[in-house]
Amino acid sequence: MELGLVGLGKMGGNMRERIRRAGHTVIGYDRNPDLADVHSLRELVDKLTGPRVVWVMVPAGEPTQSTIDELAELLQPGDIVVDGGNSRWTDDEKHAEQLAAKGIGFVDCGVSGGVWGLENGYALMYGGDEEHVARVQPVFDALKPQGPYGAVHAGKVGAGHFAKMVHNGIEYAMMQAYAEGWELLEKVDSVENVREVFRSWQEGTVIRSWLLDLAVNALDEDEHLTGLRGYAQDSGEGRWTVEAAIDHAVPLPAITASLFARFASRQEDSPQMKMIAALRNQFGGHAVEKK
């Protein structure tokens, strides 16, 4: 099938390549002309055969809104827009209503996989009407990991990004637990090889995971993380997870504490946040602050 892809950064560029490897045609647009196949959204839409599917992979908030506003004027009834960025689920509902007024379908898709997704595949959580999801299904199949798992139609519009938001909240708490354990091991005199302790946990333990593997990768690159500043950003989804928990009276003590720990990292050079920063760089290519 044909797909228009808007946003060719760290995630979008690799997604374009993975979809092409599966035999589909992808026409990509990015504000950086060195990355783009076309020079404008209008040119992208004109090159696609109707009914069109355009996947938006740009930062949440105003960049996504302005892109959808422009596409709403360029696309035709029967076309579909997919938002694969990290938008808030409440924005999905507004985008779906805005596009439906012009006869354009909308699917929201939470995407996980970071810089490793090109080779390993991307975990996908999508929401929307069955008929719209079915139209995009060949692209979902191209992006997901091999095997029966890694993709889910989570429910109606907004469900995909809500599921991805909760996924990221869990990710916050898991990274925080590894970081706290690492700092404690580093503090005691009796443990002389913390990196190898972490490595030993990779097999046969109940806490083995891909995040643990990435922690070992980071420690192999800088055994004591001395080259990093203990500062970690939050993408916004941790905050939204906690806000949703408050709205629904669901206790989330671990996820909430991990979010507040990120805030604490901005007040001083936190050893725990060195590990969080290293992990985010490992799985997502997120920038780190050097000392």
Side-chain angles (χ1 to χ4, degrees), residues 7 11-12 14-15 18 53 55-61 64-65 68 80-97 99 105-117 120-176 209-211 234-256 258-259 262 279-280 283-284 286:
M11 289 277 282
N14 282 344
M15 289 168 62
R18 186 171 175 90
V53 176
W55 187 302
V56 178
M57 202 70 190
V58 301
T64 295
Q65 184 64 63
I68 288 177
I80 293 176
V81 172
V82 181
D83 179 6
N86 283 330
S87 294
R88 190 173 177 134
W89 81 97
T90 49
D91 289 343
D92 295 326
E93 296 165 355
K94 290 184 286 188
H95 295 155
E97 183 177 354
L99 293 169
F106 178 81
V107 175
D108 65 287
C109 184
V111 182
S112 180
V115 296
W116 300 84
N120 297 340
Y122 299 88
L124 306 172
M125 297 141 270
Y126 34 91
D129 294 346
E130 290 281 357
E131 62 177 303
H132 298 152
V133 168
R135 286 266 307 284
V136 189
Q137 194 65 52
V139 177
F140 293 146
D141 292 342
L143 288 171
K144 69 178 289 293
Q146 291 185 345
Y149 307 116
V152 61
H153 184 183
K156 57 189 179 181
V157 164
H161 281 144
F162 194 95
K164 177 59 163 47
M165 177 194 74
V166 174
H167 165 281
N168 282 23
I170 294 169
E171 174 190 297
Y172 274 43
M174 291 176 66
M175 288 196 292
Q176 185 64 29
S209 72
W210 187 44
L211 279 176
D234 65 284
S235 63
E237 289 171 300
R239 301 183 190 213
W240 300 341
T241 305
V242 172
E243 290 170 4
I246 293 170
D247 291 341
H248 294 277
V250 175
L252 298 185
I255 292 173
T256 303
S258 67
L259 174 65
R262 299 262 182 117
L279 283 168
R280 295 180 81 242
F283 70 72
H286 300 290

A.B. asks: Of all residues at least two apart in sequence or in a different chain, which pass the salt bridge (Lys or Arg N to Asp or Glu O under 4.0 Å) check with E97?
C.D. replies: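 Applying salt bridge (Lys or Arg N to Asp or Glu O under 4.0 Å) to E97 gives none.
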A.B. asks: When you measure from the side chain of H153 to the backbone of G128, do you find a donor-acceptor pair of N or O atoms at a distance under 3.5 Å?
C.D. replies: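 Checking the backbone N and O of G128 against the side chain of H153, a donor-acceptor pair under 3.5 Å is found.
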A.B. asks: Would you list the pairs meeting side-chain hydrogen bond (donor to acceptor under 3.5 Å, both in side chains) in which at least one residue belongs to residues 238-248, sequence neighbours left out?
C.D. replies: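 side-chain hydrogen bond (donor to acceptor under 3.5 Å, both in side chains) check on residues 238-248 returns R88-E243, D234-R239.
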A.B. asks: Between Y126 and Q137, is there a side-chain heavy-atom distance shorter than 4.5 Å?
C.D. replies: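 They are in contact (side-chain heavy atoms under 4.5 Å apart), so the answer is yes.
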A.B. asks: Can you name the nearest heavy-atom pair linking W210 to F283, along with the distance?
C.D. replies: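 It is CH2-CB, 3.9 Å.
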A.B. asks: List the atom pairs, with distances to 0.1 Å, where a side-chain N or O of residues 143-152 and a protein N or O form a donor-acceptor pair under 3.5 Å, not counting sequence neighbours.
C.D. replies:
unit_1 : atom_1 : unit_2 : atom_2 : d
K144   : NZ     : G147   : O      : 2.5
K144   : NZ     : Y149   : O      : 3.3

A.B. asks: List the steps, then state whether side chain to side chain contact (heavy atoms under 4.5 Å, CB included) holds for Y122 with N14.
C.D. replies: CA-CA 10 Å; Y122 299 88; N14 282 344; 3.2 Å; yes
A.B. asks: Carefully, step by step, assess V56 and V82 under the rule side chain to side chain contact (heavy atoms under 4.5 Å, CB included).
C.D. replies: CA-CA 6 Å; V56 178; V82 181; over 6 Å; no
A.B. asks: Working note: R135 + V107, criterion side chain to side chain contact (heavy atoms under 4.5 Å, CB included); need CA distance, chi angles, decisive distance, verdict.
C.D. replies: CA-CA 10 Å; R135 286 266 307 284; V107 175; over 6 Å; no
A.B. asks: Would a distance-only check, ignoring hydrogens and angles, find a side-chain to backbone donor-acceptor pair under 3.5 Å from S258 to I255?
C.D. replies: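 Here the side-chain-to-backbone pair exists.
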A.B. asks: Of all residues at least two apart in sequence or in a different chain, which pass the salt bridge (Lys or Arg N to Asp or Glu O under 4.0 Å) check with K156?
C.D. replies: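 K156 satisfies salt bridge (Lys or Arg N to Asp or Glu O under 4.0 Å) with no residue once adjacent residues are dropped.
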A.B. asks: If you define the side chain from C-beta out and look only at heavy atoms, does anything of H167 sit under 4.5 Å from E237?
C.D. replies: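 No, side chains not in contact.
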A.B. asks: Tell me the closest heavy-atom pair linking A134 and P138, and the distance in Å.
C.D. replies: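 Result for this residue pair: O-CD, 3.9 Å.
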A.B. asks: Decide yes or no for I80 and V136: does some side-chain heavy atom of the first lie under 4.5 Å from some side-chain heavy atom of the second?
C.D. replies: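 Side-chain contact under 4.5 Å: yes.
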A.B. asks: Among all residues two or more places apart in sequence or in another chain, which pass the side-chain contact (heavy atoms from CB on, under 4.5 Å) test with D129?
C.D. replies: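 For D129 the side-chain contact (heavy atoms from CB on, under 4.5 Å) partners, ignoring immediate neighbours, are E131, H132.
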A.B. asks: Say you draw a straight line from CE of M165 to CD1 of I170; how long is it, rounded to the nearest 0.5 Å?
C.D. replies: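 It comes to 10.0 Å.
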A.B. asks: With H95, which of V81, V157, T64 fulfils side chain to side chain contact (heavy atoms under 4.5 Å, CB included)?
C.D. replies: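 Going through V81, V157, T64 one by one, the side chain to side chain contact (heavy atoms under 4.5 Å, CB included) with H95 is satisfied by T64 alone.
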A.B. asks: With sequence neighbours excluded, what pairs up with N86 under the side chain to side chain donor-acceptor pair (under 3.5 Å) test?
C.D. replies: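 Listed in chain order: K164.
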A.B. asks: Quick one: do the D83 and S87 side chains pair a donor with an acceptor below 3.5 Å?
C.D. replies: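 D83 vs S87: donor-acceptor pair found between side chains.
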A.B. asks: Roughly how far, to the nearest 0.5 Å, is the CE atom of M174 from the CG atom of L211?
C.D. replies: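 Reported to 0.5 Å precision, the distance equals 5.0 Å.
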A.B. asks: Quick one: CG on L124 to CG on D141, what's the gap to the nearest 0.5 Å?
C.D. replies: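 Going from the CG atom of L124 to the CG atom of D141 covers 9.5 Å.
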A.B. asks: Kindly say whether H161 contributes a backbone atom to a donor-acceptor pair with the side chain of D108 at under 3.5 angstrom?
C.D. replies: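 Between the backbone of H161 and the side chain of D108 there is a qualifying donor-acceptor contact (under 3.5 Å).
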A.B. asks: Looking only at heavy atoms, which two atoms of F140 and C109 are closest? And how far apart?
C.D. replies: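 In terms of heavy atoms, the two residues are closest at CE2-SG, 3.9 Å.
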A.B. asks: When you measure from the centre of the six-membered ring of Y172, is the NZ or CZ of R262 closer than 6.0 Å and no more than 45° off the axis?
C.D. replies: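 That pair qualifies as a cation-pi contact.
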